[in-house]
Peer 1: 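Dropping the structure in here first, questions after.
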Amino acid sequence: MHMFSKEKHFYGGHGIVAAQVPLGAGLAFADKYKDNGRVTFTYFGDGAANQGQVYETFNMAALWGLPCIFVIENNQYAMGTSQQRSTSSAEIWERGKAFGIPGEAVDGMDVLAVKAAGETAVAHCRSGKGPYILEIKTYRYRGHSMSDPAKYRTREEVQKMRDERDPIEAVRSLLLTGKHATEDDLKAIDKDIKKIVNESADFAKESPEPHLDELWTDIYATEVPQEAV
């Protein structure tokens with residue numbers, strides 16, 4: 001949510017639940033207008049899938065044939081309520097059918113399945129067929145935030161998912177058993193990743209606070225003081 005890079009075409013998230021969905025469609029509209037062959041991935045969760053603006057966006061995206069892939073990251077519990085208690089439809093992606101938007105559910109704990117589904121979705125959009133929906137059925141091990149003790153599920157459930165369905169461990173096993181990499185190769189990759197993360201964290205901690213002049217950067221409308229009227 002708090003990362004943004006125009007250079008890398010990564011446009012962050014939004015503090016309002018599902019507000020990024022119409023913004024993503026707007027980016028896709030710009031791409032279609034420019035005819036640049038790009039596709040926009042717009043991510044939101046199973047909880048956000050019940051927000052009205054999602055379906056307003058589905059309607060516009062379908063009407064205008066936007067090259068937008070709507071990715072529902074279904075972690076089963078949203079912020080802390082199970083899908084069974086909060087969502088009337090078992091398959092959230094099927095809601096797109098009302099707008100003529102095709103899609104599919106994908107095992108989000110299977111890296112290769114997600115890659116294949118993503119390629120299918122991109123090909124669909126780039127062929128001019130309009131938007132596509134991917135419901136990625138995944139699972140989060142920790143609470144929604146540091147203040148979430150996750151008491152809405154058992155520790156046994158979480159541990160079982162870690163032991164049997166962890167996607168990173170599954171890929172690791174695939175690489176080793178298929179002799180695509182050695183233990184030393186994977187340890188080297190892990191070391192490089194930790195180095196990048198630690199350096200990024202240190203940079204953030206050691207960077208000075210923004211100057212007060214930055215308070216008005218990119219602000220184009222403010223309340224006029226009474227004495228200025």
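Quantities reported herein were computed from a predicted structural model and do not represent experimental measurements. Any value given below was found using the heavy atoms of this structure, including those in side chains, with hydrogens, waters and symmetry copies removed.
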Peer 1: Spell out, yes or no, whether L23 and L27 are grouped together once hydrophobic residues are joined by side-chain heavy atoms under 4.5 Å, including indirect joins.
Peer 2: no
Peer 1: To the nearest 0.5 Å, tell me how far E157 CD sits from Y139 OH.
Peer 2: 3.5 Å
Peer 1: Has N75 got a side-chain atom pairing as donor or acceptor with T138's backbone, closer than 3.5 angstrom?
Peer 2: no
Peer 1: Compare every heavy atom of Y141 with every heavy atom of P167, then report the nearest pair and how far apart it is.
Peer 2: CD-OH, 4.1 Å
Peer 1: Within the 4.5 Å heavy-atom criterion, are F70 and V21 side-chain neighbours or not?
Peer 2: yes
Peer 1: Does the N198 side chain pair with the main chain of K194, one donor and one acceptor, at a distance under 3.5 Å?
Peer 2: yes
Peer 1: CG/L174 to CG/L112 distance, rounded to the nearest 0.5 angstrom?
Peer 2: 6.0 Å
Peer 1: Testing the basics here: between L186 and A181, what is the closest heavy-atom pair and its distance to 0.1 Å?
Peer 2: CD2-CB, 4.1 Å
Peer 1: Quick check: closest heavy atoms across I101 and F58, and the distance to 0.1 Å?
Peer 2: CD1-O, 3.6 Å
Peer 1: Please examine the side chains of F10 and M3, heavy atoms only from C-beta on, and report whether any two atoms are closer than 4.5 Å.
Peer 2: yes
Peer 1: Roughly how far, to the nearest 0.5 Å, is the CD atom of Q53 from the CD atom of E56?
Peer 2: 7.0 Å
Peer 1: Hydrophobic cluster membership, with links at side-chain heavy-atom distances under 4.5 Å among I/L/V/M/F/W/Y: are F41 and Y132 in one?
Peer 2: yes
Peer 1: Decide if atom CG of L215 counts as having more than 12 heavy atoms of other residues, nucleotides or ligands within a radius under 6.0 Å.
Peer 2: yes
Peer 1: Linking I/L/V/M/F/W/Y whenever any side-chain heavy atoms sit under 4.5 Å apart, do I69 and V114 land together?
Peer 2: yes
Peer 1: Tell me, with the steps shown, if I72 and I133 meet side-chain contact (heavy atoms from CB on, under 4.5 Å).
Peer 2: CA-CA 8 Å; I72 306 169; I133 299 174; 3.9 Å; yes
Peer 1: Roughly how far apart are C125 SG and D31 CG, rounded to 0.5 Å?
Peer 2: 10.5 Å
Peer 1: When you compare the side chains of E214 and T217, does any donor N or O come within less than 3.5 Å of an acceptor on the partner?
Peer 2: yes
Peer 1: Could you give me the CA-CA distance, side-chain angles and deciding distance for E199 and K195, then say whether salt bridge (Lys or Arg N to Asp or Glu O under 4.0 Å) is met?
Peer 2: CA-CA 6 Å; E199 288 177 350; K195 182 175 183 290; 2.7 Å; yes
Peer 1: Take T182 and D185 through the test side-chain hydrogen bond (donor to acceptor under 3.5 Å, both in side chains) and record every step on the way to the result.
Peer 2: CA-CA 5 Å; T182 65; D185 293 332; 3.1 Å; yes
Peer 1: May I ask whether M60 and F29 are part of the same hydrophobic cluster, defined by side-chain heavy atoms of I, L, V, M, F, W, Y residues being less than 4.5 angstrom apart, directly or through others?
Peer 2: yes
Peer 1: K137 vs E91, test: salt bridge (Lys or Arg N to Asp or Glu O under 4.0 Å). Steps then yes/no.
Peer 2: CA-CA 10 Å; K137 297 195 175 185; E91 301 292 330; 3.0 Å; yes
Peer 1: Where the side chain of K32 meets the backbone of W64, is there a donor-acceptor pair that is under 3.5 Å apart?
Peer 2: yes
Peer 1: Heavy-atom distance under 4.5 Å between the side chains of V71 and T42, does that happen here?
Peer 2: no
Peer 1: Is it the case that the side chain of S173 and the backbone of E169 share a donor-acceptor pair, with hydrogens and angles ignored and the cut-off at 3.5 Å?
Peer 2: no
Peer 1: Heavy atoms only: give me the nearest E135-A90 pair and the separation to one decimal.
Peer 2: OE2-O, 4.4 Å
Peer 1: Using the salt bridge (Lys or Arg N to Asp or Glu O under 4.0 Å) rule, take E164 and K160 through it: C-alpha gap first, then chi angles, then the decisive distance, then the call.
Peer 2: CA-CA 6 Å; E164 300 178 5; K160 180 178 175 62; 2.9 Å; yes
Peer 1: Does the side chain of P67 come within less than 4.5 Å of K129's, by heavy atoms?
Peer 2: no
Peer 1: Assess whether salt bridge (Lys or Arg N to Asp or Glu O under 4.0 Å) is satisfied between E119 and K115, documenting all intermediate values.
Peer 2: CA-CA 6 Å; E119 290 171 347; K115 179 178 183 293; 2.5 Å; yes
Peer 1: So, are R165 and D107 salt-bridged, with charged N and O less than 4.0 Å apart?
Peer 2: yes
Peer 1: Roughly how far, to the nearest 0.5 Å, is CD of Q83 from CG of D46?
Peer 2: 6.0 Å
Peer 1: Is a donor on one side and an acceptor on the other found under 3.5 Å between the side chain of S89 and the backbone of I92?
Peer 2: no
Peer 1: Look at atom CE of M161 and say whether more than 12 heavy atoms of other residues, nucleotides or ligands are closer to it than 6.0 Å.
Peer 2: yes
Peer 1: Are I189 and L176 connected, step by step, through hydrophobic side chains (Ile, Leu, Val, Met, Phe, Trp, Tyr) whose heavy atoms are closer than 4.5 Å?
Peer 2: yes
Peer 1: For a quick test of reading the model, state the closest non-hydrogen atom pair linking A121 to L134 and the distance between them.
Peer 2: CB-CD1, 4.0 Å
Peer 1: Go through S145 and S147 one step at a time and tell me if the side-chain hydrogen bond (donor to acceptor under 3.5 Å, both in side chains) criterion holds.
Peer 2: CA-CA 5 Å; S145 67; S147 60; 3.0 Å; yes
Peer 1: Looking at CD of E104 and CH2 of W93, how far apart are the two atoms once the value is rounded to the nearest 0.5 Å?
Peer 2: 7.5 Å
Peer 1: For R126 and G37, indicate whether the former's side chain and the latter's backbone hold a donor-acceptor pair under 3.5 Å.
Peer 2: yes
Peer 1: Centre-to-centre under 6.0 Å for Y11 and F4, is that the case here?
Peer 2: yes
Peer 1: Is the side chain of Y77 donor-acceptor paired with the backbone N or O of R140 at a distance under 3.5 Å, no angle test?
Peer 2: no
Peer 1: Looking at every heavy atom in both P131 and A61, which two are closest together, and how far apart are they?
Peer 2: CD-O, 3.5 Å
